[in-house]
Number of protein chains: 2
Amino acid sequence: MSWRKEQRRAERGYHHGNLKEALLQAALGLIAEKGAAGFTFADAARMAGVSAAAPYRHFRDRDELLSSIAQRGFEQFEARLTAAWDDGRPDTVTAFERVGRAYLAFAREEPAFYNAMFESGLPVDANPALQAASERAFNIIRAAAERLAALAPPGTPRPPAMMMALHIWSMAHGVASLFSRGDAARRKLPMSPDELLEAEVLIYLRGLGFPTDRRAPAKGAEPPPVPPEASSGSSVPPGGTPGGPWGKPK
Amino acid sequence: MSWRKEQRRAERGYHHGNLKEALLQAALGLIAEKGAAGFTFADAARMAGVSAAAPYRHFRDRDELLSSIAQRGFEQFEARLTAAWDDGRPDTVTAFERVGRAYLAFAREEPAFYNAMFESGLPVDANPALQAASERAFNIIRAAAERLAALAPPGTPRPPAMMMALHIWSMAHGVASLFSRGDAARRKLPMSPDELLEAEVLIYLRGLGFPTDRRAPAKGAEPPPVPPEASSGSSVPPGGTPGGPWGKPK
DNA sequence: CAGCTCATGTGAACGGCTTTTACATGAGCC
DNA sequence: GGCTCATGTAAAAGCCGTTCACATGAGCTG
(Lines give C-alpha, C1' and ligand atoms only; values in the text may rest on other atoms or scores of the structure.)
Protein backbone atom coordinates (compact mmCIF):
# COMPACT_ATOMS: atom_id res chain seq x y z
CA MET A 1 0.00 0.00 0.00
CA SER A 2 1.98 2.94 1.24
CA TRP A 3 4.81 1.37 3.16
CA ARG A 4 7.25 0.93 0.39
CA LYS A 5 9.29 3.90 1.44
CA GLU A 6 9.28 2.80 5.00
CA GLN A 7 10.34 -0.66 4.09
CA ARG A 8 13.28 0.58 2.10
CA ARG A 9 14.60 2.87 4.81
CA ALA A 10 13.04 3.74 8.05
CA GLU A 11 13.94 7.42 8.04
CA ARG A 12 13.70 8.10 4.36
CA GLY A 13 10.97 10.07 2.77
CA TYR A 14 9.19 13.13 3.94
CA HIS A 15 6.45 11.06 5.41
CA HIS A 16 7.37 8.45 7.89
CA GLY A 17 4.48 6.18 7.12
CA ASN A 18 4.20 4.61 10.53
CA LEU A 19 5.17 7.32 12.92
CA LYS A 20 2.60 6.75 15.61
CA GLU A 21 3.67 3.20 16.15
CA ALA A 22 7.34 4.11 15.90
CA LEU A 23 6.88 6.74 18.59
CA LEU A 24 5.16 4.30 20.89
CA GLN A 25 7.95 1.81 20.47
CA ALA A 26 10.62 4.42 20.97
CA ALA A 27 8.90 5.72 24.07
CA LEU A 28 8.62 2.23 25.42
CA GLY A 29 12.34 1.76 25.08
CA LEU A 30 13.14 5.11 26.61
CA ILE A 31 10.84 4.56 29.57
CA ALA A 32 12.31 1.15 30.22
CA GLU A 33 15.69 2.75 30.21
CA LYS A 34 15.20 5.98 32.07
CA GLY A 35 11.79 5.82 33.65
CA ALA A 36 8.66 7.69 32.73
CA ALA A 37 9.99 10.80 34.41
CA GLY A 38 13.17 10.83 32.36
CA PHE A 39 11.41 10.08 29.12
CA THR A 40 11.37 12.90 26.65
CA PHE A 41 9.02 13.61 23.81
CA ALA A 42 11.83 15.10 21.80
CA ASP A 43 13.97 12.04 22.33
CA ALA A 44 11.27 9.78 21.00
CA ALA A 45 10.95 11.98 17.93
CA ARG A 46 14.69 11.92 17.40
CA MET A 47 14.74 8.17 17.75
CA ALA A 48 12.07 7.90 15.09
CA GLY A 49 14.15 10.13 12.85
CA VAL A 50 11.66 12.93 12.77
CA SER A 51 11.46 16.55 13.89
CA ALA A 52 10.42 17.51 17.41
CA ALA A 53 7.10 18.85 16.25
CA ALA A 54 6.04 15.78 14.31
CA PRO A 55 4.72 13.81 17.27
CA TYR A 56 2.07 16.46 17.78
CA ARG A 57 0.35 15.18 14.68
CA HIS A 58 -0.33 11.96 16.53
CA PHE A 59 -0.57 12.88 20.20
CA ARG A 60 -2.06 15.98 21.74
CA ASP A 61 0.94 16.19 24.05
CA ARG A 62 3.48 14.18 25.93
CA ASP A 63 0.93 13.02 28.46
CA GLU A 64 -1.25 11.54 25.80
CA LEU A 65 1.61 9.41 24.58
CA LEU A 66 2.16 8.25 28.12
CA SER A 67 -1.52 7.50 28.49
CA SER A 68 -1.51 5.48 25.29
CA ILE A 69 1.31 3.41 26.63
CA ALA A 70 -0.40 2.91 29.96
CA GLN A 71 -3.53 1.90 28.10
CA ARG A 72 -1.68 -0.71 26.09
CA GLY A 73 0.00 -1.81 29.27
CA PHE A 74 -3.28 -2.45 30.98
CA GLU A 75 -4.47 -4.41 27.99
CA GLN A 76 -1.42 -6.62 27.94
CA PHE A 77 -1.64 -6.91 31.67
CA GLU A 78 -5.20 -8.09 31.42
CA ALA A 79 -4.23 -10.57 28.73
CA ARG A 80 -1.48 -12.03 30.86
CA LEU A 81 -3.64 -12.27 33.94
CA THR A 82 -6.35 -13.90 31.91
CA ALA A 83 -3.94 -16.45 30.52
CA ALA A 84 -2.51 -17.10 33.97
CA TRP A 85 -5.93 -17.57 35.49
CA ASP A 86 -6.87 -19.98 32.71
CA ASP A 87 -10.35 -20.11 34.07
CA GLY A 88 -9.21 -21.69 37.29
CA ARG A 89 -7.47 -24.75 35.87
CA PRO A 90 -6.31 -27.15 37.09
CA ASP A 91 -7.66 -26.03 40.42
CA THR A 92 -8.64 -22.70 41.83
CA VAL A 93 -5.82 -22.24 44.30
CA THR A 94 -3.12 -23.21 41.84
CA ALA A 95 -4.54 -20.92 39.21
CA PHE A 96 -4.87 -18.16 41.74
CA GLU A 97 -1.22 -18.31 42.58
CA ARG A 98 -0.31 -18.38 38.96
CA VAL A 99 -2.11 -15.07 38.67
CA GLY A 100 0.04 -13.71 41.46
CA ARG A 101 3.19 -14.82 39.72
CA ALA A 102 1.94 -13.34 36.48
CA TYR A 103 1.51 -10.01 38.25
CA LEU A 104 5.13 -10.05 39.37
CA ALA A 105 6.35 -11.34 36.05
CA PHE A 106 4.65 -8.48 34.27
CA ALA A 107 6.20 -5.95 36.62
CA ARG A 108 9.59 -7.50 36.04
CA GLU A 109 9.42 -8.19 32.35
CA GLU A 110 7.59 -5.10 31.22
CA PRO A 111 9.12 -2.35 33.32
CA ALA A 112 8.15 0.29 30.80
CA PHE A 113 4.49 -0.63 30.83
CA TYR A 114 4.47 -1.07 34.56
CA ASN A 115 6.12 2.28 35.00
CA ALA A 116 3.66 4.06 32.77
CA MET A 117 0.74 2.32 34.44
CA PHE A 118 1.62 2.71 38.07
CA GLU A 119 4.56 5.00 38.53
CA SER A 120 4.22 7.76 36.03
CA GLY A 121 1.92 9.89 38.13
CA LEU A 122 -0.70 9.81 35.40
CA PRO A 123 -4.14 10.75 36.65
CA VAL A 124 -5.66 7.40 35.81
CA ASP A 125 -9.24 8.24 36.56
CA ALA A 126 -9.03 11.46 34.62
CA ASN A 127 -8.96 9.29 31.52
CA PRO A 128 -12.06 7.15 31.17
CA ALA A 129 -10.52 4.77 28.65
CA LEU A 130 -7.56 4.25 30.91
CA GLN A 131 -9.70 3.73 33.93
CA ALA A 132 -11.81 1.22 32.06
CA ALA A 133 -8.73 -0.70 30.96
CA SER A 134 -7.46 -0.73 34.52
CA GLU A 135 -10.85 -1.91 35.69
CA ARG A 136 -10.85 -4.75 33.20
CA ALA A 137 -7.50 -5.95 34.42
CA PHE A 138 -8.62 -5.81 38.02
CA ASN A 139 -11.74 -7.72 37.10
CA ILE A 140 -9.64 -10.77 36.35
CA ILE A 141 -8.47 -10.79 39.92
CA ARG A 142 -11.99 -10.09 41.02
CA ALA A 143 -13.40 -13.00 39.06
CA ALA A 144 -10.75 -15.31 40.43
CA ALA A 145 -11.51 -14.17 43.95
CA GLU A 146 -15.16 -14.83 43.32
CA ARG A 147 -14.44 -18.41 42.38
CA LEU A 148 -12.20 -18.80 45.35
CA ALA A 149 -14.77 -17.37 47.72
CA ALA A 150 -17.27 -19.89 46.47
CA LEU A 151 -14.97 -22.63 47.69
CA ALA A 152 -15.22 -21.55 51.29
CA PRO A 153 -15.40 -24.74 53.31
CA PRO A 154 -18.78 -25.45 54.78
CA GLY A 155 -19.11 -23.93 58.22
CA THR A 156 -16.72 -21.16 57.34
CA PRO A 157 -18.24 -17.75 56.74
CA ARG A 158 -17.87 -16.90 53.09
CA PRO A 159 -15.59 -13.91 52.67
CA PRO A 160 -16.69 -11.07 50.39
CA ALA A 161 -15.03 -11.71 47.07
CA MET A 162 -14.48 -8.03 46.44
CA MET A 163 -12.55 -7.71 49.64
CA MET A 164 -10.44 -10.73 48.82
CA ALA A 165 -9.69 -9.32 45.40
CA LEU A 166 -8.59 -6.01 46.87
CA HIS A 167 -6.43 -7.79 49.40
CA ILE A 168 -4.73 -9.93 46.81
CA TRP A 169 -4.22 -6.98 44.56
CA SER A 170 -2.62 -4.97 47.31
CA MET A 171 -0.30 -7.82 48.18
CA ALA A 172 0.80 -8.32 44.61
CA HIS A 173 1.17 -4.62 44.04
CA GLY A 174 3.06 -4.11 47.29
CA VAL A 175 5.51 -6.88 46.58
CA ALA A 176 5.98 -5.75 43.01
CA SER A 177 6.52 -2.12 43.98
CA LEU A 178 8.84 -2.78 46.86
CA PHE A 179 10.86 -5.79 45.91
CA SER A 180 10.38 -6.79 42.35
CA ARG A 181 11.61 -3.81 40.43
CA GLY A 182 14.30 -1.25 40.04
CA ASP A 183 16.70 -0.49 42.81
CA ALA A 184 14.57 -1.74 45.65
CA ALA A 185 14.77 -5.15 44.09
CA ARG A 186 18.37 -5.19 45.17
CA ARG A 187 17.30 -5.21 48.80
CA LYS A 188 18.58 -8.45 50.19
CA LEU A 189 15.65 -10.69 50.86
CA PRO A 190 15.43 -14.06 52.53
CA MET A 191 13.46 -15.27 49.54
CA SER A 192 12.58 -14.28 46.00
CA PRO A 193 9.70 -11.89 45.40
CA ASP A 194 7.76 -14.74 43.83
CA GLU A 195 8.19 -16.94 46.85
CA LEU A 196 7.43 -14.04 49.12
CA LEU A 197 4.15 -13.34 47.42
CA GLU A 198 3.20 -16.97 47.17
CA ALA A 199 3.73 -17.50 50.88
CA GLU A 200 1.84 -14.32 51.65
CA VAL A 201 -1.15 -15.37 49.62
CA LEU A 202 -1.13 -18.90 51.00
CA ILE A 203 -1.05 -17.68 54.58
CA TYR A 204 -3.82 -15.26 53.80
CA LEU A 205 -5.95 -17.98 52.26
CA ARG A 206 -5.31 -20.17 55.25
CA GLY A 207 -6.48 -17.33 57.43
CA LEU A 208 -9.73 -17.42 55.53
CA GLY A 209 -10.06 -21.09 56.25
CA PHE A 210 -9.15 -22.39 52.83
CA PRO A 211 -7.23 -25.60 52.50
CA THR A 212 -3.99 -24.57 50.87
CA ASP A 213 -2.17 -27.81 50.34
CA ARG A 214 -2.24 -28.20 46.62
CA ARG A 215 -3.76 -31.34 45.24
CA ALA A 216 -4.15 -32.38 41.65
CA PRO A 217 -7.68 -32.60 40.41
CA ALA A 218 -6.80 -34.31 37.18
CA LYS A 219 -9.82 -33.28 35.21
CA GLY A 220 -12.64 -32.84 37.60
CA ALA A 221 -14.53 -29.62 37.40
CA GLU A 222 -13.70 -27.47 40.35
CA PRO A 223 -16.47 -27.68 42.91
CA PRO A 224 -15.80 -31.02 44.58
CA PRO A 225 -12.12 -30.89 45.50
CA VAL A 226 -12.70 -29.94 49.08
CA PRO A 227 -10.17 -32.16 50.74
CA PRO A 228 -11.05 -35.63 51.83
CA GLU A 229 -9.29 -35.20 55.13
CA ALA A 230 -11.00 -32.03 56.27
CA SER A 231 -12.86 -33.96 58.88
CA SER A 232 -10.68 -33.11 61.85
CA GLY A 233 -12.61 -29.96 62.50
CA SER A 234 -10.23 -27.07 62.26
CA SER A 235 -9.31 -26.14 58.76
CA VAL A 236 -5.98 -24.97 60.04
CA PRO A 237 -4.76 -27.90 62.01
CA PRO A 238 -1.95 -26.89 64.32
CA GLY A 239 1.14 -28.25 62.75
CA GLY A 240 -0.61 -29.08 59.52
CA THR A 241 1.40 -28.52 56.39
CA PRO A 242 4.59 -28.99 58.36
CA GLY A 243 6.81 -25.99 58.01
CA GLY A 244 4.01 -23.77 56.94
CA PRO A 245 3.41 -22.33 53.49
CA TRP A 246 6.89 -20.86 53.43
CA GLY A 247 9.76 -23.00 52.34
CA LYS A 248 12.74 -23.49 54.52
CA PRO A 249 14.64 -20.22 54.38
CA LYS A 250 17.73 -21.27 52.52
CA MET B 1 21.94 36.15 65.68
CA SER B 2 21.57 36.86 62.02
CA TRP B 3 17.89 36.53 61.46
CA ARG B 4 16.85 40.06 62.09
CA LYS B 5 16.47 40.82 58.44
CA GLU B 6 14.56 37.68 57.85
CA GLN B 7 12.27 38.36 60.72
CA ARG B 8 11.43 41.80 59.44
CA ARG B 9 10.62 40.64 55.97
CA ALA B 10 11.04 37.27 54.48
CA GLU B 11 12.28 38.43 51.11
CA ARG B 12 14.21 41.51 52.14
CA GLY B 13 17.92 41.72 52.29
CA TYR B 14 20.45 40.38 49.92
CA HIS B 15 20.93 37.32 52.05
CA HIS B 16 17.93 35.27 52.87
CA GLY B 17 19.26 33.97 56.13
CA ASN B 18 17.37 30.72 56.12
CA LEU B 19 17.17 29.75 52.51
CA LYS B 20 17.87 26.07 52.81
CA GLU B 21 14.98 25.52 55.14
CA ALA B 22 12.74 27.82 53.13
CA LEU B 23 13.49 25.84 50.00
CA LEU B 24 12.69 22.57 51.69
CA GLN B 25 9.38 23.91 52.89
CA ALA B 26 8.54 25.39 49.51
CA ALA B 27 9.40 22.14 47.79
CA LEU B 28 7.28 20.22 50.23
CA GLY B 29 4.31 22.37 49.38
CA LEU B 30 4.91 22.12 45.66
CA ILE B 31 5.30 18.37 45.73
CA ALA B 32 2.14 17.97 47.74
CA GLU B 33 0.38 20.04 45.14
CA LYS B 34 1.80 18.81 41.88
CA GLY B 35 3.75 15.67 42.63
CA ALA B 36 7.49 15.16 42.63
CA ALA B 37 7.49 15.03 38.86
CA GLY B 38 5.81 18.40 38.51
CA PHE B 39 7.95 20.03 41.12
CA THR B 40 10.36 22.62 39.83
CA PHE B 41 13.58 23.87 41.29
CA ALA B 42 12.92 27.31 39.88
CA ASP B 43 9.48 27.39 41.41
CA ALA B 44 10.85 26.67 44.83
CA ALA B 45 13.37 29.47 44.43
CA ARG B 46 10.65 31.85 43.32
CA MET B 47 8.51 30.88 46.24
CA ALA B 48 11.38 31.63 48.58
CA GLY B 49 11.79 35.01 46.91
CA VAL B 50 15.20 34.30 45.53
CA SER B 51 16.85 33.95 42.13
CA ALA B 52 16.86 30.68 40.25
CA ALA B 53 20.54 30.17 40.85
CA ALA B 54 20.47 30.64 44.61
CA PRO B 55 19.36 27.11 45.47
CA TYR B 56 22.59 25.80 44.04
CA ARG B 57 24.38 27.23 47.05
CA HIS B 58 22.52 24.74 49.20
CA PHE B 59 21.84 21.72 47.00
CA ARG B 60 24.06 20.24 44.33
CA ASP B 61 21.05 19.92 42.09
CA ARG B 62 17.35 19.30 42.03
CA ASP B 63 17.78 15.66 42.90
CA GLU B 64 19.64 16.46 46.06
CA LEU B 65 16.76 18.58 47.25
CA LEU B 66 14.45 15.70 46.55
CA SER B 67 16.72 13.34 48.40
CA SER B 68 16.81 15.63 51.39
CA ILE B 69 13.06 15.62 51.50
CA ALA B 70 12.90 11.86 51.17
CA GLN B 71 15.43 11.59 53.96
CA ARG B 72 13.36 13.73 56.27
CA GLY B 73 10.33 11.79 55.22
CA PHE B 74 11.87 8.51 56.28
CA GLU B 75 12.85 10.01 59.59
CA GLN B 76 9.36 11.26 60.30
CA PHE B 77 8.00 7.98 59.07
CA GLU B 78 10.18 6.10 61.48
CA ALA B 79 9.11 8.38 64.30
CA ARG B 80 5.45 7.80 63.59
CA LEU B 81 5.83 4.06 63.29
CA THR B 82 7.79 4.00 66.53
CA ALA B 83 5.11 5.97 68.31
CA ALA B 84 2.41 3.75 66.89
CA TRP B 85 4.19 0.58 67.91
CA ASP B 86 4.65 1.95 71.43
CA ASP B 87 6.74 -1.04 72.26
CA GLY B 88 3.83 -3.39 71.81
CA ARG B 89 1.41 -1.90 74.31
CA PRO B 90 -1.20 -2.72 75.35
CA ASP B 91 -0.82 -5.98 73.47
CA THR B 92 1.18 -7.05 70.52
CA VAL B 93 -1.62 -7.53 68.05
CA THR B 94 -3.29 -4.23 68.85
CA ALA B 95 -0.03 -2.36 68.60
CA PHE B 96 0.77 -4.16 65.38
CA GLU B 97 -2.39 -2.95 63.80
CA ARG B 98 -1.79 0.53 65.04
CA VAL B 99 1.44 0.44 63.07
CA GLY B 100 -0.52 -0.49 59.98
CA ARG B 101 -2.86 2.41 60.47
CA ALA B 102 0.08 4.72 61.07
CA TYR B 103 1.51 3.62 57.73
CA LEU B 104 -1.67 4.59 55.94
CA ALA B 105 -2.07 7.76 57.96
CA PHE B 106 1.40 8.85 56.95
CA ALA B 107 0.70 8.18 53.30
CA ARG B 108 -2.51 10.15 53.55
CA GLU B 109 -1.38 13.03 55.72
CA GLU B 110 2.08 13.55 54.29
CA PRO B 111 1.60 13.09 50.58
CA ALA B 112 4.66 15.16 49.78
CA PHE B 113 6.96 13.07 51.91
CA TYR B 114 5.37 9.85 50.73
CA ASN B 115 5.72 10.96 47.15
CA ALA B 116 9.37 11.85 47.54
CA MET B 117 10.07 8.61 49.37
CA PHE B 118 8.27 6.12 47.20
CA GLU B 119 7.06 7.69 44.00
CA SER B 120 9.71 10.11 42.90
CA GLY B 121 11.84 7.56 41.12
CA LEU B 122 14.81 8.43 43.30
CA PRO B 123 17.48 5.75 43.29
CA VAL B 124 17.16 5.05 46.99
CA ASP B 125 20.07 2.71 47.31
CA ALA B 126 22.35 5.01 45.40
CA ASN B 127 22.26 7.24 48.45
CA PRO B 128 23.62 5.49 51.54
CA ALA B 129 22.09 7.95 53.98
CA LEU B 130 18.73 7.55 52.36
CA GLN B 131 18.98 3.81 52.32
CA ALA B 132 19.93 3.79 55.98
CA ALA B 133 16.97 5.96 56.88
CA SER B 134 14.66 3.69 54.93
CA GLU B 135 16.18 0.71 56.68
CA ARG B 136 15.61 2.23 60.09
CA ALA B 137 11.95 2.78 59.31
CA PHE B 138 11.56 -0.77 58.12
CA ASN B 139 13.26 -2.00 61.25
CA ILE B 140 10.32 -0.82 63.30
CA ILE B 141 8.09 -3.18 61.39
CA ARG B 142 10.74 -5.84 61.64
CA ALA B 143 10.99 -5.48 65.41
CA ALA B 144 7.24 -5.64 65.75
CA ALA B 145 7.13 -8.75 63.62
CA GLU B 146 9.81 -10.29 65.79
CA ARG B 147 7.70 -9.79 68.87
CA LEU B 148 4.70 -11.14 67.11
CA ALA B 149 6.52 -14.20 65.89
CA ALA B 150 7.57 -14.96 69.43
CA LEU B 151 3.90 -15.26 70.31
CA ALA B 152 3.36 -18.19 68.00
CA PRO B 153 1.02 -20.56 69.79
CA PRO B 154 2.69 -23.74 70.98
CA GLY B 155 2.43 -26.47 68.40
CA THR B 156 2.45 -23.95 65.59
CA PRO B 157 5.63 -23.62 63.59
CA ARG B 158 7.15 -20.23 64.35
CA PRO B 159 7.15 -18.12 61.21
CA PRO B 160 10.33 -16.28 60.23
CA ALA B 161 9.97 -12.76 61.56
CA MET B 162 11.71 -11.26 58.56
CA MET B 163 9.23 -12.84 56.24
CA MET B 164 6.34 -11.60 58.31
CA ALA B 165 7.77 -8.12 58.30
CA LEU B 166 8.14 -8.14 54.54
CA HIS B 167 4.61 -9.41 54.15
CA ILE B 168 3.14 -6.78 56.38
CA TRP B 169 5.16 -4.09 54.70
CA SER B 170 3.98 -5.15 51.29
CA MET B 171 0.37 -5.16 52.43
CA ALA B 172 0.59 -1.71 53.93
CA HIS B 173 2.47 -0.37 50.96
CA GLY B 174 0.11 -1.96 48.48
CA VAL B 175 -2.97 -0.59 50.16
CA ALA B 176 -1.41 2.83 50.56
CA SER B 177 -0.26 2.98 46.95
CA LEU B 178 -3.44 1.70 45.42
CA PHE B 179 -6.21 3.01 47.58
CA SER B 180 -5.07 5.53 50.07
CA ARG B 181 -3.70 8.30 47.94
CA GLY B 182 -4.27 10.52 45.01
CA ASP B 183 -6.73 9.63 42.33
CA ALA B 184 -6.84 5.93 42.96
CA ALA B 185 -8.22 6.73 46.37
CA ARG B 186 -11.39 7.69 44.57
CA ARG B 187 -11.93 4.12 43.47
CA LYS B 188 -15.12 3.05 45.08
CA LEU B 189 -14.33 0.55 47.76
CA PRO B 190 -16.56 -1.58 49.93
CA MET B 191 -14.59 -0.37 52.93
CA SER B 192 -12.08 2.27 53.91
CA PRO B 193 -8.39 1.68 53.25
CA ASP B 194 -7.85 1.45 56.99
CA GLU B 195 -10.45 -1.24 57.38
CA LEU B 196 -9.17 -2.99 54.30
CA LEU B 197 -5.66 -3.19 55.65
CA GLU B 198 -6.78 -4.15 59.11
CA ALA B 199 -8.83 -7.04 57.80
CA GLU B 200 -6.01 -8.10 55.54
CA VAL B 201 -3.52 -8.20 58.38
CA LEU B 202 -5.93 -9.97 60.69
CA ILE B 203 -6.66 -12.67 58.16
CA TYR B 204 -2.96 -13.05 57.51
CA LEU B 205 -2.20 -13.42 61.20
CA ARG B 206 -4.96 -15.92 61.50
CA GLY B 207 -3.38 -17.83 58.68
CA LEU B 208 -0.23 -18.01 60.78
CA GLY B 209 -2.21 -19.44 63.62
CA PHE B 210 -2.27 -16.38 65.83
CA PRO B 211 -5.27 -15.66 67.95
CA THR B 212 -6.62 -12.44 66.57
CA ASP B 213 -9.50 -11.64 68.84
CA ARG B 214 -8.42 -8.41 70.40
CA ARG B 215 -8.48 -8.51 74.14
CA ALA B 216 -9.94 -5.76 76.15
CA PRO B 217 -8.61 -2.37 75.20
CA ALA B 218 -8.45 -0.76 78.61
CA LYS B 219 -11.27 1.69 78.17
CA GLY B 220 -13.01 1.81 74.89
CA ALA B 221 -10.14 3.45 73.10
CA GLU B 222 -10.40 0.82 70.41
CA PRO B 223 -13.65 0.30 68.61
CA PRO B 224 -13.49 -3.49 68.80
CA PRO B 225 -14.63 -4.62 65.38
CA VAL B 226 -14.91 -8.16 66.59
CA PRO B 227 -17.50 -8.85 69.23
CA PRO B 228 -16.01 -10.38 72.38
CA GLU B 229 -17.66 -13.73 72.09
CA ALA B 230 -14.99 -15.53 70.12
CA SER B 231 -13.29 -17.74 72.65
CA SER B 232 -13.97 -21.29 71.62
CA GLY B 233 -10.39 -22.57 71.66
CA SER B 234 -8.87 -23.20 68.27
CA SER B 235 -7.43 -20.03 66.93
CA VAL B 236 -9.27 -20.64 63.71
CA PRO B 237 -12.36 -22.48 64.72
CA PRO B 238 -14.58 -23.37 61.83
CA GLY B 239 -17.26 -20.84 62.09
CA GLY B 240 -15.44 -19.05 64.84
CA THR B 241 -15.40 -15.30 64.84
CA PRO B 242 -18.65 -15.21 62.97
CA GLY B 243 -18.38 -12.82 60.11
CA GLY B 244 -14.63 -13.06 60.05
CA PRO B 245 -12.18 -10.24 60.67
CA TRP B 246 -13.98 -8.10 58.14
CA GLY B 247 -16.95 -6.05 59.19
CA LYS B 248 -20.24 -6.44 57.48
CA PRO B 249 -19.91 -4.76 54.11
CA LYS B 250 -22.18 -1.80 54.55
C1' DC C 1 36.14 50.90 63.67
C1' DA C 2 38.57 49.56 59.15
C1' DG C 3 39.25 46.05 56.34
C1' DC C 4 39.30 41.36 54.80
C1' DT C 5 37.14 37.12 53.53
C1' DC C 6 33.99 33.87 52.40
C1' DA C 7 29.35 32.18 52.35
C1' DT C 8 25.48 33.42 50.01
C1' DG C 9 22.75 35.65 46.42
C1' DT C 10 22.34 37.83 41.39
C1' DG C 11 22.11 38.19 36.28
C1' DA C 12 23.23 36.53 32.13
C1' DA C 13 23.89 32.89 29.21
C1' DC C 14 23.76 27.95 27.26
C1' DG C 15 21.41 24.09 25.86
C1' DG C 16 17.34 21.28 26.11
C1' DC C 17 12.39 20.52 26.34
C1' DT C 18 7.38 21.45 25.23
C1' DT C 19 4.22 23.45 22.47
C1' DT C 20 2.40 26.52 18.72
C1' DT C 21 2.34 28.44 14.09
C1' DA C 22 3.05 29.11 9.38
C1' DC C 23 4.67 26.64 5.68
C1' DA C 24 6.25 22.35 2.76
C1' DT C 25 5.54 17.74 0.87
C1' DG C 26 3.58 14.15 -1.37
C1' DA C 27 0.03 10.01 -1.25
C1' DG C 28 -4.33 9.01 -2.68
C1' DC C 29 -8.11 10.19 -5.43
C1' DC C 30 -10.80 12.47 -9.27
C1' DG D 1 -2.48 15.92 -14.33
C1' DG D 2 -4.12 18.38 -10.60
C1' DC D 3 -6.39 18.82 -5.81
C1' DT D 4 -6.46 18.17 -1.17
C1' DC D 5 -5.48 16.94 3.23
C1' DA D 6 -2.84 14.26 6.42
C1' DT D 7 1.62 14.46 7.78
C1' DG D 8 6.14 16.49 8.36
C1' DT D 9 9.43 20.81 8.96
C1' DA D 10 11.52 25.05 10.64
C1' DA D 11 11.29 28.72 13.62
C1' DA D 12 10.08 30.84 17.70
C1' DA D 13 8.33 31.62 22.48
C1' DG D 14 8.56 30.32 27.08
C1' DC D 15 10.07 27.35 30.72
C1' DC D 16 13.80 24.64 33.23
C1' DG D 17 18.24 23.15 34.96
C1' DT D 18 22.76 24.45 35.44
C1' DT D 19 27.04 27.24 35.31
C1' DC D 20 29.86 31.29 35.74
C1' DA D 21 31.53 35.70 36.72
C1' DC D 22 30.33 39.07 39.76
C1' DA D 23 27.91 41.52 43.91
C1' DT D 24 26.81 41.84 48.77
C1' DG D 25 27.33 41.97 53.42
C1' DA D 26 27.98 39.16 58.04
C1' DG D 27 31.35 38.17 61.01
C1' DC D 28 36.05 37.97 62.24
C1' DT D 29 40.68 40.14 62.99
C1' DG D 30 43.36 43.59 64.46
Side-chain angles (χ1 to χ4, degrees), chain A residues 1-27 29-31 33-69 120-122, chain B residues 1-27 30-31 33-69 116 120-122:
Chain A
M1 308 311 184
S2 72
W3 318 53
R4 290 181 316 202
K5 294 260 170 149
E6 189 222 357
Q7 285 203 325
R8 283 193 227 144
R9 296 216 194 159
E11 73 281 22
R12 273 296 173 80
Y14 193 89
H15 291 84
H16 183 289
N18 199 18
L19 185 52
K20 186 163 189 171
E21 194 54 35
L23 287 172
L24 286 168
Q25 293 305 326
L30 288 170
I31 293 175
E33 195 180 327
K34 308 188 290 184
F39 148 71
T40 252
F41 216 22
D43 244 344
R46 212 169 294 131
M47 192 158 302
V50 94
S51 82
Y56 289 86
R57 295 296 176 194
H58 300 277
F59 301 96
R60 197 180 335 85
D61 55 20
R62 182 180 172 282
D63 267 17
E64 197 183 277
L65 209 192
L66 229 48
S67 291
S68 293
I69 289 185
S120 65
L122 271 185
Chain B
M1 308 310 187
S2 71
W3 320 52
R4 289 181 317 200
K5 294 264 167 142
E6 190 222 357
Q7 285 203 324
R8 283 193 228 143
R9 296 216 197 158
E11 74 280 24
R12 273 296 173 78
Y14 193 88
H15 291 83
H16 184 287
N18 200 18
L19 185 53
K20 185 163 189 172
E21 193 54 35
L23 287 171
L24 286 167
Q25 292 305 324
L30 290 169
I31 293 174
E33 196 180 326
K34 307 189 290 186
F39 149 72
T40 251
F41 216 23
D43 244 345
R46 211 169 294 130
M47 191 157 304
V50 95
S51 82
Y56 290 85
R57 295 297 177 192
H58 300 278
F59 302 96
R60 199 179 335 86
D61 56 20
R62 183 179 172 282
D63 266 15
E64 197 183 276
L65 209 193
L66 230 49
S67 291
S68 293
I69 289 186
S120 63
L122 272 185

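Convention: sequence-line order gives letters A, B, ...; per-chain numbering from 1.
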Heavy-atom pair of closest approach, residues B/Val50 and B/Pro55 | CG1-CD, 4.4 Å
Value in whole Å for how far the P atom of D/dG17 lies from CG of B/Leu23 = 12 Å
Under 4.0 Å: is that the gap between some side-chain N or O of A/Thr40 and OP1 or OP2 of C/dG16?
-> no
A/Phe39 vs A/Glu33 side-chain heavy atoms within contact, under 4.5 Å | no
Considering non-hydrogen atoms only, spot the tightest contact between A/Phe41 and A/Leu65 and give its length.
-> CE1-CD1, 3.4 Å
Rounded to the nearest angstrom, tell me the gap between atom CZ in B/Phe59 and atom P in D/dC16.
-> 18 Å
Taking the side chain of A/Ala42 as its heavy atoms from C-beta onward, which of C/dC17, D/dG17, C/dT19 lies nearest to it?
-> C/dC17
Under 4.0 angstrom, heavy atoms only, what part of the nucleic acid is B/Phe41 near: base, sugar-phosphate, or nothing?
-> sugar-phosphate
In whole angstroms, how far is the P atom of C/dT19 from the CG atom of A/Leu65?
-> 11 Å
Which atom of B/Arg62 lies closest to which atom of B/Ala37, heavy atoms considered | NH2-O, 3.7 Å
Closest approach of B/Ser120 and B/Ala116, non-hydrogen atoms and distance?
-> OG-O, 2.7 Å
Length of the line joining B/Asp63:CG and D/dC16:P, which is rounded to integer Å = 17 Å
Looking at B/Ala44 and B/Leu30, what are the two nearest heavy atoms and their distance?
-> N-CD1, 3.6 Å
Quick one: label B/Asp61 by what it contacts on the DNA or RNA (base, sugar-phosphate, nothing), any heavy atom closer than 4.0 Å.
-> sugar-phosphate
Readout for nucleotides 5-12 of chain D: B = base within 4.0 Å of protein heavy atom, S = sugar-phosphate only, - = neither; 5' to 3' it is -BBBBB--
